[in-house]
**Q** 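Right, I'll just put the structure down here and ask away after.
Heavy-atom basis, side chains included; hydrogens, waters and symmetry copies ignored.
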Amino acid sequence: MWSAVPPKPRVISSKSSFTVVAARYNEQFTDSLVDNCVAELEELSPQTRVDIVRVPGAFEIPVTIEKILSQGDKPNVIIALGLIIRGETAHADLVADCVTKELSSISIRHQTPIIHEVLLVADEKQAYARCVASNLNRGREAGAAAANMADLFAQIAKNSDK
């Protein structure tokens, strides 16, 4: 049977640190994304450290991540969580496009994985399906992707030390 959620990665034994930067806007949905993401990280990386930073909206996520990565003690992976619901104007698309471009640029510049789950949805029904429901839960997917990237980058570092 087809599953909407990819299979779980293996449990990571090494200690990793993650920072979740999440928008407060559309809080009923973003809170669920955060909770599901943290639960997945704790399951897949029991020795993990997860810091949570809340910002007003999706637009503030990239500058906050840039500031975090410009500081001394960088997390292994950053997870960007937010929800943008399309309205009658192009504003939502403009914000989503800007956030996506900046997250990509920051990730490459700092050579730090950033898991992008700032969702752009058509309505609250889609938001519920992706943030609260269990079948398409993007918070859990973000946690799994972050655990995978932490493990991958640890392996790359280990192989480059040989």
Side-chain angles (χ1 to χ4, degrees), residues 3-9 12 16-46 48-71 73-110 112-150:
S3 172
V5 178
K8 286 191 183 289
I12 298 170
S16 298
S17 66
F18 301 91
T19 298
V20 175
V21 179
R24 288 191 187 281
Y25 201 77
N26 291 312
E27 201 162 27
Q28 69 274 25
F29 299 113
T30 57
D31 284 355
S32 183
L33 284 173
V34 171
D35 292 344
N36 281 285
C37 178
V38 171
E40 188 76 1
L41 286 171
E42 289 172 347
E43 185 178 320
L44 294 174
S45 186
T48 196
R49 173 182 167 183
V50 180
D51 295 318
I52 299 171
V53 178
R54 296 303 292 256
V55 297
F59 193 76
E60 292 78 26
I61 292 172
V63 70
T64 304
I65 292 173
E66 178 69 35
K67 183 71 171 174
I68 290 166
L69 291 175
S70 297
Q71 308 285 312
D73 191 22
K74 293 183 189 182
N76 296 95
V77 179
I78 292 186
I79 303 157
L81 300 175
L83 180 78
I84 304 166
I85 300 175
R86 279 198 173 97
E88 295 180 15
T89 68
H91 180 74
D93 293 289
L94 295 171
V95 170
D97 187 50
C98 179
V99 168
T100 298
K101 287 178 183 173
E102 287 303 316
L103 291 178
S104 175
S105 177
I106 294 165
S107 181
I108 292 166
R109 181 171 51 254
H110 289 278
T112 301
I114 298 174
I115 307 305
H116 178 353
E117 286 297 342
V118 179
L119 308 174
L120 175 61
V121 298
D123 53 37
E124 286 192 11
K125 183 179 177 185
Q126 285 183 356
Y128 183 87
R130 287 156 181 79
C131 301
V132 180
S134 61
N135 198 30
L136 293 173
N137 194 285
R138 301 303 187 221
R140 286 215 169 261
E141 287 183 13
N148 274 327
M149 291 304 292

**Q** Can you confirm whether the side chains of Arg54 and Thr30 place a donor and an acceptor under 3.5 Å from each other?
**A**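 Yes, Thr30 and Arg54 have a side-chain donor paired with an acceptor closer than 3.5 Å.
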**Q** Which is it for Glu43 and Arg140 under the side-chain contact (heavy atoms from CB on, under 4.5 Å) test, yes or no, and what are the steps along the way?
**A** CA-CA 10 Å; Glu43 185 178 320; Arg140 286 215 169 261; 4.1 Å; yes
**Q** Locate the shortest heavy-atom distance separating Ala23 from Gly57; write the atom from each residue and the value.
**A**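 Smallest interatomic distance, heavy atoms only, reads CB-C, 3.5 Å.
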**Q** Using side-chain contact (heavy atoms from CB on, under 4.5 Å) as the criterion, list what pairs up with Val132, not counting sequence neighbours.
**A**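 Per chain and number, Val132 pairs via side-chain contact (heavy atoms from CB on, under 4.5 Å) with Phe29, Ser32, Tyr128.
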**Q** How close do Ala58 and Val118 get, counting heavy atoms only, and between which atoms?
**A**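 Minimum heavy-atom separation between Ala58 and Val118: CB-CG1, 3.8 Å.
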**Q** Out of Ile114, Val34, Ile78, which residue meets the side-chain contact (heavy atoms from CB on, under 4.5 Å) rule with Val21?
**A**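 The side-chain contact (heavy atoms from CB on, under 4.5 Å) with Val21 is passed solely by Ile78 among Ile114, Val34, Ile78.
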**Q** Measure across Ala146 and Leu41 and return the closest heavy-atom pair with its distance rounded to 0.1 Å.
**A**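 Scanning both residues, the minimum pair turns out to be CB-CD2, 4.0 Å.
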**Q** Looking only at heavy atoms, which two atoms of Ile65 and Ala80 are closest? And how far apart?
**A**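 Result for this residue pair: CD1-CB, 4.1 Å.
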**Q** When rounded to the nearest 0.5 angstrom, what is the spacing between CG in Leu103 and CD1 in Ile108?
**A**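 So the CG of Leu103 and the CD1 of Ile108 are separated by 11.0 Å.
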**Q** Testing the basics here: between Cys131 and Asn137, what is the closest heavy-atom pair and its distance to 0.1 Å?
**A**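 Minimum heavy-atom separation between Cys131 and Asn137: O-ND2, 3.1 Å.
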**Q** Cys37 versus Leu81: any side-chain heavy-atom pair under 4.5 Å?
**A**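 Yes, their side chains come closer than 4.5 Å.
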**Q** How would you list, by chain and number, every residue that makes a side-chain hydrogen bond (donor to acceptor under 3.5 Å, both in side chains) with Asn26, sequence neighbours excluded?
**A**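 Checked Asn26 against side-chain hydrogen bond (donor to acceptor under 3.5 Å, both in side chains); zero matches.
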**Q** Look up atom CG in Leu33 and atom CD in Glu27, then write down how far apart they are to the nearest 0.5 Å.
**A**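 It is 12.0 Å, given to the nearest 0.5 Å.
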**Q** Provide the full list of salt bridge (charged side-chain N to carboxylate O under 4.0 Å, His left out) pairs with a residue in residues 57-68, sequence neighbours left out, each pair given once.
**A**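 Those involving residues 57-68 are Glu66-Arg109.
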**Q** Has Ser104 got a side-chain atom pairing as donor or acceptor with Thr100's backbone, closer than 3.5 angstrom?
**A**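 Not confirmed, Ser104 side chain does not pair with Thr100 backbone.
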**Q** Just verifying a value: how many Å separate Glu117 CD and Ile79 CD1, rounded to the nearest 0.5 Å?
**A**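 Answer rounded to 0.5 Å: 9.5 Å.
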**Q** Calculate, to the nearest 0.5 Å, the distance between atoms NE2 and CD1 belonging to His91 and Ile84 respectively.
**A**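 Rounded to the nearest 0.5 Å, the NE2-CD1 separation comes out at 8.0 Å.
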**Q** Measuring from atom CG of Asp97 to atom CD of Glu102, what distance do you get when rounded to the nearest 0.5 angstrom?
**A**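 With rounding to 0.5 Å, CG (Asp97) is 10.0 Å from CD (Glu102).
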**Q** Which heavy atom of Arg86 sits nearest to which heavy atom of Leu120, and what is that distance?
**A**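 Smallest heavy-atom distance, with atoms named: NH2-CD2, 3.2 Å.
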**Q** Kindly indicate whether the side chain of Pro62, heavy atoms from C-beta on, has any atom under 4.5 Å from the side chain of Ile106.
**A**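 They are in contact (side-chain heavy atoms under 4.5 Å apart), so the answer is yes.
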**Q** Does the side chain of Pro75 reach to within under 4.5 Å of the side chain of Arg49, using non-hydrogen atoms?
**A**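 Not touching, per the 4.5 Å side-chain cut-off.
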**Q** Is a side-chain N or O of Ser17 found less than 3.5 angstrom from the main chain of Asn76, in a donor-acceptor match?
**A**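 Checked: pair present.
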**Q** How many angstroms lie between atom CD1 of Ile68 and atom CG of Asp51, to the nearest 0.5 angstrom?
**A**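 Interatomic distance, Ile68 CD1 to Asp51 CG, rounded to 0.5 Å: 8.5 Å.
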